[in-house]
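Notes follow once the structure below has been shown.
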Amino acid sequence: MCQLLGMNCNVPTDICFSFEGFSARGGKTDDHSDGWGIAFFEGKGCRMFLDAQPSVASPVAEFVRSYAIHSTHVIAHIRKATQGEVALHNCHPFRRELWGQYWVFAHNGNLPNFEPENMGFYQAVGDTDSEKAFCMMLETLRSHFPHGKPDVKELYFVLQEITAVIAKVGIFNYLLSDGIHFFAYCSTKLSYIVRQAPFAAAHLIDQDMTVDFREVTTERDRVAVIATTPLTDNEVWTQIQPGELLVFQDGLPMKYAFS
C-alpha cells in the first residue's frame, strides 16, 4: 500500500525537512515506487506537483525537497499501486472543487471491488479506488449541503458517516483538506506529532538529517505533522486510533462527539 504525509500549522511553514525523509520511502528505504504527489494550499490557490516516477528518482521531487514552499495545509503521497496502472492520472493527491474551494485528498489502503453508485457531478478520471472514494465523499457532501459549506462540526459528522460506509469495504486511511480544515482518518495506521514551544532538535529515520527547530521557529509557531509511520526517531508520535477521525486546525487536533 501507499504512504501519507500531511502538515497543518498556524503560520505558513515549509515541509522540506519532513519531505526529505518521506520521499526516501519512495524507492530507497521502502518500495513505494509507483509515483508520488504533493499539494500546497496558498490562500485560495493550491499548488500541486505529481510524477509517476519514484520520488527518489524524480527531478520534480528534488525540486520540492530544495524549494521552501510555505503553506498551512500540505498533503503528500507516495504510491505503491494496488489498483490502477502506474500513470500520472492515478497519482495522489487528487483535487476537486466544492463550494468554491479546492479540496485535496490522498488515500492509503485498498478498497476491493469498490464501485460507488449514484455518482453524478463528480467522476473519477483515473482508475483507482482512491479517486472513486474521493468523488463519492464530495458527491455526498454536496448533496447534504447544496447551498454551501456548513460549519466544521456539521461537516465533521457527515464526513464521519461517509467514512464509516467506505471503511467497511477495506482499508481506508486518508488525508483531506480544503485549505481551511484538515481531516485525518485512521483505518489501520496513522500517526501525528505537534511541534510547539519549547522546540527541540529532530532526527529523520530515513535520512541521516537533523534540524534544530529552535533555530528556525518562533515561540508562537505550532506545526502538526501527520504520517503513515513516524518520520523521526527522537520524538514522541501519537498513534491515531483505528476508526478515529481528527480535524486539525492551527496545528492542533480535535474531534467532535454527538451530543
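- L175 places a side-chain heavy atom less than 4.5 Å from the side chain of I226.
- Proximity of N108 to Q3: side-chain heavy atoms (C-beta onward) are nowhere separated by under 4.5 Å.
- Under a cutoff of 6.0 Å and an axis angle of 45°, R214 and F199 do not form a cation-pi pair.
- Between the side chains of Y174 and S187, no donor N or O sits under 3.5 Å from an acceptor N or O.
- N173 and T228 form no side-chain donor-acceptor contact under 3.5 Å, judged by distance and modelled atom types alone.
- The closest donor-acceptor contact from the side chain of S66 to the backbone of F63 lies under 3.5 Å.
- Between W99 and W103, the angle of the ring planes goes over 60°, which puts this pair in the perpendicular group of the 30/60° scheme.
- F157 and L246 are not part of a single hydrophobic cluster, where members link through side-chain heavy atoms under 4.5 Å apart.
- With respect to E131, the side chain to side chain donor-acceptor pair (under 3.5 Å) criterion is satisfied by exactly one of R96, Q83, H89: R96.
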Which donor-acceptor pairs under 3.5 Å do the side chains of residues 34-50 make with protein atoms, sequence neighbours left out?
residue : atom : partner : partner atom : Å
D34     : OD2  : A81     : N            : 2.8
W36     : NE1  : S58     : OG           : 3.2
E42     : OE1  : R47     : NH2          : 3.0
E42     : OE2  : R47     : NE           : 2.6
E42     : OE2  : R47     : NH2          : 3.2

Inset, instruction - Before giving the answer on side chain to side chain contact (heavy atoms under 4.5 Å, CB included), spell out for L5 and I15 the whole-Å C-alpha distance, their side-chain angles and the decisive distance to 0.1 Å. - result: CA-CA 10 Å; L5 169 65; I15 200 171; 3.9 Å; yes
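- Partner of R25 under the side chain to side chain donor-acceptor pair (under 3.5 Å) criterion, chosen from D30, T229, D31: T229.
- Shown here are the side chain to side chain contact (heavy atoms under 4.5 Å, CB included) partners of H203, two or more places apart in sequence or in another chain: D208, T210, D233, N234.
- Side-chain contact of R79 with T128: a donor-acceptor pair under 3.5 Å is absent, judged by distance alone.
- Ring geometry for F172 versus F105: interplanar angle of 30 to 60°, hence tilted.
- Residues satisfying the side chain to side chain donor-acceptor pair (under 3.5 Å) test with Q53, not counting sequence neighbours, are none.
- Cation-pi geometry between R142 and F121 is satisfied (NZ or CZ under 6.0 Å from the ring centre, within 45° of the ring normal).
- Between the side chain of Y122 and the backbone N or O of E97 there is at least one donor-acceptor pair closer than 3.5 Å.
- One finds no salt bridge joining R195 and D221 here, because no Lys/Arg side-chain nitrogen approaches an Asp/Glu carboxylate oxygen to under 4.0 Å.
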